[in-house]
Trainee: 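To start, I am sharing the structure in question, which I have written as structure tokens.
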Amino acid sequence: MELIEFLTARLDEDEQVARATVWDGSGNQPDWSLPASATVDVGGDEFYAGDRTIADHIDRHDPARVLREVEAKRRIVEEHGIVHRDIGWLKDGGEEYDETPVCGTCVPKNSHFQRREDVPEGPCGTVRALAAVYAEHPDFDPAWLED
């Protein structure tokens, strides 16, 4: 599984879980609140969390926020998507070129590098950082954290 495919699947899961909290007839809302010390109001019901700190955490990560975060992360992944570019590097006193999969934002067109090993192939550090949030997932590849 490729990193961007993995990250997109995790964002899809986050979106599905957030949307599932609001269903027809539930009265639930995506924006949650803290009407009392350790109680989270989801619109159609209230949940007692037993602790103000836990309730505050639940409230701060309500479905509306999760959906905004998913959308923001999708835009970042799209902006830092992989493109195939002719990348140049120095070799034997001249330049050599190769079409290489690189981040379309972080590696501008007509980029040149000192050595072939310096070409940052594949997803950039920005996409890797977004994926690192899901490091506990069984499909996560620790190699994705390496530069």
Trainee: Do any N or O atoms from the side chain of R128 and from the backbone of E146 form a donor-acceptor pair under 3.5 angstrom?
Mentor: yes
Trainee: Within the distance-only criterion (no hydrogens, no angle test), does the side chain of R85 pair as donor or acceptor with the backbone N or O of V102 below 3.5 angstrom?
Mentor: no
Trainee: When rounded to the nearest 0.5 angstrom, what distance separates CD1 in I58 from OG1 in T53?
Mentor: 11.0 Å
Trainee: For the hydrophobic clusters of this structure (ILVMFWY residues joined by side-chain heavy atoms under 4.5 Å, transitively), does one cluster hold both Y48 and W32?
Mentor: no
Trainee: Within a 6.0 Å radius of atom CD on Q114, are there more than 12 heavy atoms belonging to other residues, nucleotides or ligands?
Mentor: no
Trainee: For a 4.5 angstrom cut-off between non-hydrogen side-chain atoms, does E15 reach L67?
Mentor: yes
Trainee: For E95 and Y97, test the side chains for any donor-to-acceptor distance below 3.5 angstrom and give the result as yes or no.
Mentor: yes
Trainee: Partners of R52 by side chain to side chain donor-acceptor pair (under 3.5 Å), sequence neighbours excluded?
Mentor: none
Trainee: Do I4 and L145 sit in one hydrophobic cluster, given that two such residues count as connected whenever their side-chain heavy atoms are within less than 4.5 Å of each other, even indirectly?
Mentor: yes
Trainee: Would you say that P120 contacts V107 through its side chain, given a criterion of any heavy-atom pair below 4.5 Å between the two side chains?
Mentor: yes
Trainee: Using the rule that Ile, Leu, Val, Met, Phe, Trp and Tyr join whenever any side-chain heavy atoms are under 4.5 Å apart, tell me whether V70 and V22 fall into a single cluster.
Mentor: no
Trainee: Apply side chain to side chain contact (heavy atoms under 4.5 Å, CB included) to L3 and D141, showing your working.
Mentor: CA-CA 8 Å; L3 174 62; D141 182 349; over 6 Å; no
Trainee: How long is the gap from CD1 on I87 to CG on D118, to the nearest 0.5 Å?
Mentor: 12.0 Å
Trainee: Would you check if L11 and R74 make a side-chain contact, meaning some heavy-atom pair closer than 4.5 Å?
Mentor: yes
Trainee: Is a side-chain N or O of W23 found less than 3.5 angstrom from the main chain of A20, in a donor-acceptor match?
Mentor: no
Trainee: Does D98 offer a backbone N or O that forms a donor-acceptor pair with the side chain of T100 under 3.5 Å?
Mentor: yes
Trainee: Could you tell me which residues satisfy side chain to side chain donor-acceptor pair (under 3.5 Å) with R60, sequence neighbours excluded, listed by chain and number?
Mentor: none
Trainee: Taking H80 for the side chain and I76 for the main chain, is one N or O donor matched with an acceptor at less than 3.5 Å?
Mentor: no
Trainee: Examine distances only and state if a side-chain atom of D59 and a backbone atom of S33 form a donor-acceptor pair shorter than 3.5 Å.
Mentor: yes
Trainee: Under a 4.5 Å cut-off applied to non-hydrogen side-chain atoms, are I82 and P123 in contact?
Mentor: yes
Trainee: Using a cut-off of 6.0 Å, state whether more than 12 heavy atoms not belonging to N110 lie near its atom CG.
Mentor: no
Trainee: Is a side-chain donor or acceptor of S26 paired with a backbone partner of N28 at a separation under 3.5 angstrom?
Mentor: yes
Trainee: Measure the spacing between CD of E69 and CG of L130 and express it to the nearest 0.5 Å.
Mentor: 10.5 Å
Trainee: What distance do E2 atom CD and L7 atom CG have between them, rounded to the nearest 0.5 Å?
Mentor: 12.5 Å
Trainee: To the closest 0.5 Å, what do you measure between CG (D41) and CD (E46)?
Mentor: 5.0 Å
Trainee: Determine, using the 4.5 Å side-chain heavy-atom cutoff (strictly less than), whether V17 and V40 are members of one ILVMFWY cluster.
Mentor: no
Trainee: Would you say P63 and V66 make side-chain contact, with heavy atoms under 4.5 Å?
Mentor: no
Trainee: Heavy-atom distance under 4.5 Å between the side chains of V42 and F47, does that happen here?
Mentor: yes
Trainee: So for atom CD, which belongs to E13, do other residues, nucleotides or ligands contribute more than 12 heavy atoms lying within a distance under 6.0 Å?
Mentor: yes
Trainee: Quick check with a 6.0 Å cut-off and a 45 degree axis cone: is R116 positioned over the face of W89's six-membered ring?
Mentor: yes
Trainee: Look at the side-chain heavy atoms of Ile, Leu, Val, Met, Phe, Trp and Tyr, link any pair under 4.5 Å apart, and say whether I54 and L34 land in one connected group.
Mentor: yes
Trainee: How far apart are the closest heavy atoms of D31 and A64, and which atoms are they?
Mentor: OD1-CB, 3.0 Å
Trainee: Using side chain to side chain donor-acceptor pair (under 3.5 Å) as the criterion, list what pairs up with E79, not counting sequence neighbours.
Mentor: none
Trainee: Answer yes or no: is there a donor N or O on one side and an acceptor on the other, between the side chain of T8 and the main chain of E5, under 3.5 Å?
Mentor: no
Trainee: Would you please classify the geometry between the W144 ring and the F140 ring as parallel, tilted or perpendicular, with 30° and 60° separating the classes?
Mentor: perpendicular
